[in-house]
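Worksheet: the structure to be examined is printed underneath.
Computation of the quantities below employed the complete heavy-atom set of this structure, encompassing side-chain atoms and omitting hydrogens, waters and symmetry-equivalent molecules. Bear in mind that the values here come from a model prediction, so they are computed numbers and not experimental data.
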Amino acid sequence: MADAPAPYRLLFCDDDPDMIKLMVGHFSALGHECHSASNGSACLELHKVVKPEVTVLDVNMPGMTGMEVLETLRRRGAAVIMLTGEQELALALQALKQGEENYLVKPTDMGHLETMVDRAVEKVRAIAT
């Protein structure tokens, strides 16, 4: 019997507390280690400490935007999945060009996000071995 994969270490960055609660609740129930930040600067600080395998990042946050956070995370070699409202679709496409893993339009289907996170973690773990 194969060993179950190790739980994921995830970071969710979104200024919407309901969205954070939904994502953290969903992935915690699956047994994953979840961390969250409500703004860009907190996201970057927590990312240094937690070293998540995948960061799920909202495009539109107060202060430091998701795109600014993405630039820094990319320099760190982070795997990032962007969340965006439909009105920010052009920004999401720009983020894809910068090498992010993928993006989802809100409201987000947790099953779809789960699939994207699974794929991103598999890729990260494959590179690490």
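Counting only heavy atoms from C-beta outward, the side chains of Thr108 and Met19 approach each other to under 4.5 Å. Using a 4.5 Å cut-off on side-chain heavy atoms (C-beta onward), Val80 and Met82 make contact. Side-chain contact check for Met23 versus Leu10: every heavy-atom pair is 4.5 Å or farther apart. Side-chain contact check for Arg74 versus Leu70: some heavy-atom pair is nearer than 4.5 Å. Side-chain contact between Asn39 and Asp15: absent, with no pair of heavy atoms (C-beta onward) separated by less than 4.5 Å.
Evaluation of the ring pair (Phe, Tyr, Trp, His ring centres under 6.0 Å) test over residues 31-80, restricted to residues two or more places apart or in two chains, returns Tyr8-His32. Screening residues 18-35 for salt bridge (Lys or Arg N to Asp or Glu O under 4.0 Å) gives no qualifying pairs among residues at least two apart or on separate chains.
The shortest heavy-atom contact between Val24 and Ser36 is CG2-CB, 4.1 Å. Taking both residues in full, the closest heavy atoms of Asp58 and Met61 are given as O-CE, 3.7 Å, listed atom of the first, atom of the second, then distance. Here the shortest heavy-atom pairing between Phe12 and Ile20 reads O-CD1, 3.5 Å. Minimum interatomic distance between Ala79 and Val124 (heavy atoms only, all atoms of both residues): CB-CG2, 3.6 Å. Here the closest heavy-atom approach between residue Ile81 and residue Val54 is recorded as CD1-CG1, 4.0 Å. The minimum heavy-atom distance between Leu57 and Cys43, with the atom names listed, is CD1-SG, 4.4 Å.
Taking NE2 from His26 and CG from Leu22, the interatomic distance works out to 8.0 Å, rounded to the nearest 0.5 Å.
A distance-only check finds no donor-acceptor pair linking the side chain of Arg9 to the backbone of Cys34 [under 3.5 Å]. When atom types are taken as modelled, the side chain of Glu68 and the backbone of Thr65 share a donor-acceptor pair closer than 3.5 angstrom.
Follow the hydrophobic side-chain contacts under 4.5 Å out from Val121 and you reach Met110 in the same cluster. The hydrophobic cluster containing Val56 also contains Met116, counting ILVMFWY residues as joined when their side-chain heavy atoms lie under 4.5 angstrom apart, directly or transitively. Taken together through direct or relayed side-chain contacts under 4.5 Å among Ile, Leu, Val, Met, Phe, Trp and Tyr, Val59 and Val69 form part of one hydrophobic cluster.
Asp16 pairs by the side-chain hydrogen bond (donor to acceptor under 3.5 Å, both in side chains) definition with nothing, not counting sequence neighbours. For Thr72, the side-chain hydrogen bond (donor to acceptor under 3.5 Å, both in side chains) test picks out Arg75, with sequence neighbours left out. Scanning for salt bridge (Lys or Arg N to Asp or Glu O under 4.0 Å) contacts around Arg125 gives Glu53, with sequence neighbours left out.
Other members of a hydrophobic cluster containing Ile127 are absent, since no ILVMFWY side chain comes under 4.5 Å of it, directly or through relayed contacts.
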Stepwise side-chain contact (heavy atoms from CB on, under 4.5 Å) check, Leu44 with Met64
CA-CA 10 Å; Leu44 291 175; Met64 180 180 274; 3.5 Å; yes

Worked check of side-chain contact (heavy atoms from CB on, under 4.5 Å) between Lys106 and Asp14:
CA-CA 12 Å; Lys106 292 180 180 179; Asp14 198 311; 2.9 Å; yes

